[in-house]
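To start, the structure under review is shown below, and the notes come after it.
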Amino acid sequence: MSQNENKEVKESKNFIQEIIEGDIASGKHEGRVHMRFPPEPNGYLHIGHAKAIWINFETAKQYGGKTNLRFDDTNPVKEDVEYVNSIKKDIKWLGYEWEGEALYTSNYFPQLYAYAEDLINKGLAYIDSSSPEEMAEMKGTPTKPGTASPFRDRQPEENLELFRKMKAGEFPDGAMVLRAKIDMAAPNMLMRDPVIYRIKHAHHHNTGDEWCIYPMYDFAHGQSDSIENITHSCCSLEFMHHRPLYDWFVEKLGIFPSKQYEFARMNVAYMITSKRRLLKLVEEGLVSGWDDPRMSTLSGMRRRGYLPQSIRRFCAQTGVQKRDNLQEMELLESIIRDDLNQVATRAMVVMDPLKLVITNYPEGQVENLPSKNNPQDDSAGEHMMTFSREIWIERGDFMIDPPKKYFRLAPDKHVRLKGAYIIQAEKYLQDEAGNITEVHCKYFPESKSGSDNSGIKVKGTMHWVDSTSGIPLELRLYDRLFVDPTPTGHEEKDFLEFFNKESLVVNNEAIAEAHLKEVGEAEPLQFMRKGYFIKDADSTPDKLVFNRTVTMRDSWAKMQKK
RNA sequence: UGACCCAUAGUGUAAUGGUAACACUACGGUUUUUGGUACCGUCAUUCUAGGUUCGAGUCCUAGUGGGUCAACCA
């Protein structure tokens, strides 16, 4: 756990913690706390899942409890081992360890089948041979009660026989279903005799071809919680209406009484988490894949250079409650910058190079200057940079006719080259089009960084790269994927209309100090005055590629806009 | 024209019947060899109307507003 996580101790309790503390106080389950994270292996984990993972694992940990990882794999046509593996990888990356081995709802199919027969024998479930259309018709509407299926009064013996034949594979998909017999007039639509088993002659990623009938979510989830002796089953708000059903099965089956609690899922501005829409971005080639650094997936954020502890801190700071919420990106970015600031190795990279000649620096001379790896942390050490007569500076750092409060280089102005000398601009060269091609300066030898006795005071300090050792770079500059905070919140418009065409800008002009040749793939970097970056796996020995994680805060740019 | 859930600064989260707090954002300032970092300051009488109480953001009632529910998905 990071320093930053520890320094933000939260004393106030969320509603789930209060429930748990109440349960512990009353001696429920002997004070045991056992939770679970139950993803369906049908896609990649995203920022919304991170919140659910955080709630379950952190809360259990806080009360000395355990958290299971259970793959809720009751629908064979949607699921795949590829997703199982990526989900495990992402949870570990986030920094969590589940209790024992990963579990699968599909491993409980025999038990769930037995529960179903039990319900049939108790006269609480029946085989309905109606078509899906007929069933929908008889379901009613929220304001109009449903009507009973003509098969609702089938006797247990017949139901059992049909159910066994279903299991034996004697019927085609869709021929019939098993329904719980509850109340066709219930105000809660889910209590109007929900389907609990359906026929699917499909290959399952875990059970293969062993089964051709599969339980529905409602007949699997609560029971699986119960089988695992889960004490607190936390899920998002949209499952609220399922709770009465969850409790009904627990009661009628007489099994361990797990309890379900619902929290509001976390929404983040400018991000989408709908699997369908994320897939569309991938399919239409608007992003490079599920791990594109702009994606809200954990794999995308990892590649972007977000630290797992930053995501954890974000989850902690956004809280747990039952109201709809839209978190601002500014909070996430502020946390990411804060964490990266502590650990990122500093380097100098010029993104838009302009040649600068130091006219009074001896031709052919090259000196080595030390550069701190991290001013926040002396133990991070330092590395060497070369300095010579010709260096690269940022084009935006020189102006012929600067505005007020411009602290950078301009004719006759002084400025410090970070870690090197103070220079003063003397003249500049232009091409026919009027573009500045070169700036000529003089330097003050006695102003050397660390031993400055020049007495010159400067307002600005600039980054630079030496021409004798600088290396070319590819920079991938990422921005938010959408130009609207809620791209899916406009009924009239498709979310793709809000796609940010500038969400990726590739820069192939950048020149970096040679030290970057030595950095590893997971090493967070700060390109001074430019932002935080991370080396991308697309890098080759000839061409290093870096992803921009987040820009620096830039109060000058903000001032300029006004 | 049903049921259920929700309502506190721009955003998000606290305040457990007793002085509305914290973070982010925004704005202003100090420090600084990153216009970064760090630090200081400014910004709400809690959706509305009644009620209970010595006292209500908190409890009750009624409105208003938002969300969710009619897959052989999870």
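So that the names make sense, note that chain A is the first sequence line, chain B the second, and so on, each numbered from 1. Computed from a prediction, not measured in an experiment: that's the story for all the values here.
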Discussion item. Taking B:rG66 as the reference, what is the distance to B:rU8 when you measure between their P atoms (whole Å, please)?
Written reply: 14 Å
Worksheet item: Which value, in whole Å, describes the distance between the P atoms of nucleotides B:rC47 and B:rC54?
Response: 25 Å
Practice prompt. With C1' as the reference atom in both, quote the distance from B:rC43 to B:rA9 in angstrom, rounded to an integer.
Written response: 8 Å
Practice prompt. Calculate the interatomic distance between A:Y197 atom OH and B:rA74 atom P; express it in whole Å.
Written response: 12 Å
Worksheet, complete the sentence: In this structure, CG of A:L112 is separated from CD1 of A:I227 (nearest 0.5 Å) by 5.0 Å
Discussion item. By the 4.0 Å heavy-atom rule, please label A:G450 as base, sugar-phosphate, or nothing.
Written reply: base
Discussion item. What's A:Q526 touching, base or sugar-phosphate or nothing? Going by heavy atoms closer than 4.0 Å.
Written reply: base
Worksheet item: With respect to the phosphate group of B:rU34, does any side-chain polar atom (N or O) of A:K372 fall under 4.0 Å of OP1 or OP2?
Response: no
Fill in: Ring geometry between A:F219 and A:F249 (parallel below 30°, tilted from 30 to 60°, perpendicular above 60°)
perpendicular
Worksheet entry | Length of the line joining A:Y270:OH and B:rC24:P, which is rounded to integer Å | 19 Å
Worksheet item: Considering only the P atoms, how many Å lie between B:rG18 and B:rG10, rounded to the nearest integer?
Response: 25 Å
Response to the item:
Closest non-hydrogen atoms of A:P41 and A:H205, given as atom of the first, atom of the second and distance, are CG-NE2, 4.1 Å
Using a cutoff of under 3.5 Å, can you pull out all pairs of nitrogen or oxygen atoms linking the protein to nucleotides 7-9 of chain B, with atom names and distances?
none

Worksheet item: Can you tell me how far C1' in B:rU25 sits from the matching atom in B:rC5, rounded to whole Å?
Response: 29 Å
Discussion item. With a 4.0 Å cutoff (strictly under), does any side-chain N or O of A:Q317 reach OP1 or OP2 of B:rA23?
Written reply: no
Item to complete: Measure the distance from CG on A:N325 to P on B:rA14 and round it to the nearest whole Å.
Response: 11 Å
Practice prompt. Indicate whether OP1 or OP2 belonging to B:rU34 is found under 4.0 Å from a side-chain N or O atom of A:R416.
Written response: no
Worksheet item: Which part of the nucleic acid, if any, lies within reach of A:G419 when heavy atoms closer than 4.0 Å are counted: base, sugar-phosphate only, or nothing?
Response: base
Discussion item. Please give me the minimum heavy-atom distance between A:T461 and A:V415, naming the atom from each residue.
Written reply: N-CG2, 4.4 Å
Worksheet item: If you measure from the C1' atom in B:rU46 to the same atom in B:rA15, how many Å do you get, rounded?
Response: 11 Å
Fill in: Heavy-atom neighbours of A:K275 NZ exceed 12 at 6.0 Å
yes
Worksheet item: Counting side-chain heavy atoms from CB outward, which of B:rC72, B:rA74, B:rG35 is closest to A:H242?
Response: B:rA74
Discussion item. Does the structure place the NZ or CZ of A:K167 under 6.0 Å from the centre of the six-membered ring of A:W211, at an angle of no more than 45° from the ring's axis?
Written reply: yes
Worksheet item: Between A:H221 and A:Y246, what is the ring plane arrangement, given parallel below 30°, perpendicular above 60°, and tilted in between?
Response: tilted
Discussion item. Please give me the minimum heavy-atom distance between A:P215 and A:Y197, naming the atom from each residue.
Written reply: N-CE2, 3.4 Å
Worksheet item: Parallel under 30°, tilted from 30 to 60°, perpendicular over 60°: which one fits the rings of A:Y443 and A:Y421?
Response: perpendicular
Discussion item. Closest-nucleotide mapping onto RNA chain B: is A:E328 or A:V195 further toward the 5' terminus? I mean the 5' end.
Written reply: A:E328
Worksheet item: Within this structure, what is the CG-to-C1' distance between A:L326 and B:rU13, rounded to whole angstrom?
Response: 14 Å
Worksheet item: If you measure from CG on A:D247 to NE2 on A:H242, what distance do you get to the nearest 0.5 Å?
Response: 13.0 Å
Worksheet item: What's the closest nucleotide to the A:N341 side chain, out of B:rA14, B:rC73, B:rG36?
Response: B:rG36
Item to complete: Let me know the distance between CD of A:E262 and P of B:rA3, rounded to the nearest Å.
Response: 19 Å
Worksheet item: For A:H221 and A:P375, take the nucleotide of RNA chain B holding the closest heavy atom to each; which residue's nucleotide lies nearer the 5' end?
Response: A:P375
Discussion item. Quick check on B:rU32: is either OP1 or OP2 less than 4.0 Å from any side-chain nitrogen or oxygen of A:R529?
Written reply: no
Fill in: Straight-line distance of A:L356 CG to A:I423 CD1, nearest 0.5 Å
4.5 Å
Fill in: Proximity to the side chain of A:F239 - top-ranked nucleotide from B:rC72, B:rG10, B:rA74
B:rA74
Worksheet entry | Side chains of A:Y44 and A:E82, donor plus acceptor under 3.5 Å | yes
Worksheet item: Looking at the side chain of A:V177, which of B:rC72, B:rG12, B:rU37 is the nearest nucleotide?
Response: B:rC72
Discussion item. By the 4.0 Å heavy-atom rule, please label A:M216 as base, sugar-phosphate, or nothing.
Written reply: sugar-phosphate
Worksheet item: Counting side-chain heavy atoms from CB outward, which of B:rC24, B:rC72, B:rG12 is closest to A:P132?
Response: B:rC72
Item to complete: Specify the separation, in whole Å, of atom CZ of A:R408 and atom C1' of B:rU34.
Response: 11 Å
Fill in: B:rC73 phosphate, OP1 or OP2, under 4.0 Å from A:K200 side-chain N/O
yes
Practice prompt. Using only side-chain N and O atoms of A:R243, determine if any of them is under 4.0 Å from OP1 or OP2 of B:rC5.
Written response: no
Discussion item. Regarding A:S236, tell me which of base, sugar-phosphate or nothing describes its non-hydrogen contacts under 4.0 Å with the strands shown.
Written reply: nothing
Discussion item. Categorize A:F263 for me: base, sugar-phosphate, or nothing, with a 4.0 angstrom heavy-atom threshold over every strand shown.
Written reply: nothing
Worksheet item: From the list B:rG36, B:rC24, B:rA38, which nucleotide is the closest neighbour of the side chain of A:S555?
Response: B:rG36
Fill in: Those residues of residues 17-25 of chain A lying under 4.0 Å from RNA chain B by at least one heavy atom
A:E18
Worksheet item: Reckon A:R346 touches a base, only the sugar-phosphate, or nothing at all at heavy-atom distances under 4.0 Å?
Response: base
Worksheet item: Can you tell me how far C1' of B:rU32 sits from CD of A:Q376, to the nearest Å?
Response: 11 Å
Worksheet entry | Residue pair A:S224 / A:R36, side-chain donor-acceptor N/O under 3.5 Å | no
Item to complete: Just compare B:rG12, B:rG35, B:rC72 and give me whichever is closest to any side-chain atom of A:Q327.
Response: B:rG12
Discussion item. Between B:rG51 and B:rU13, how far apart are the two C1' atoms, rounded to whole Å?
Written reply: 30 Å
Worksheet item: Which letter, B, S or -, goes with each nucleotide of nucleotides 62-70 of chain B from 5' to 3', with contact meaning a protein heavy atom under 4.0 Å?
Response: -----SBSB
Worksheet entry | Option among A:Q321, A:R323, A:K322 that satisfies the side-chain contact (heavy atoms from CB on, under 4.5 Å) test with A:N325 | A:Q321
Practice prompt. In whole angstrom, give me the gap between the C1' atoms of B:rA38 and B:rU31.
Written response: 8 Å
Worksheet item: Is there aromatic stacking of A:Y217 against B:rA74, centre distance under 5.5 Å, plane angle under 30°?
Response: no
Discussion item. Let's test this: given Watson-Crick or G-U wobble pairing with both distances under 3.5 Å, identify the partner of B:rC69.
Written reply: B:rG2
Item to complete: Using a heavy-atom cut-off of under 4.0 Å over every strand shown, decide if A:R192 touches base, sugar-phosphate, or nothing.
Response: nothing
Item to complete: Look at all strands and tell whether A:S449 reaches a base, only sugar-phosphate, or nothing, counting heavy atoms closer than 4.0 Å.
Response: base
Worksheet item: At under 4.0 Å, does any side-chain N or O of A:T461 touch on OP1 or OP2 of B:rG35?
Response: no
Worksheet entry | Atom-pair distance (CG on A:D193; C1' on B:rA71), nearest Å | 16 Å
Response to the item:
Tightest non-hydrogen contact, residues A:A510 and A:V349, listed as CB-CG1, 4.2 Å
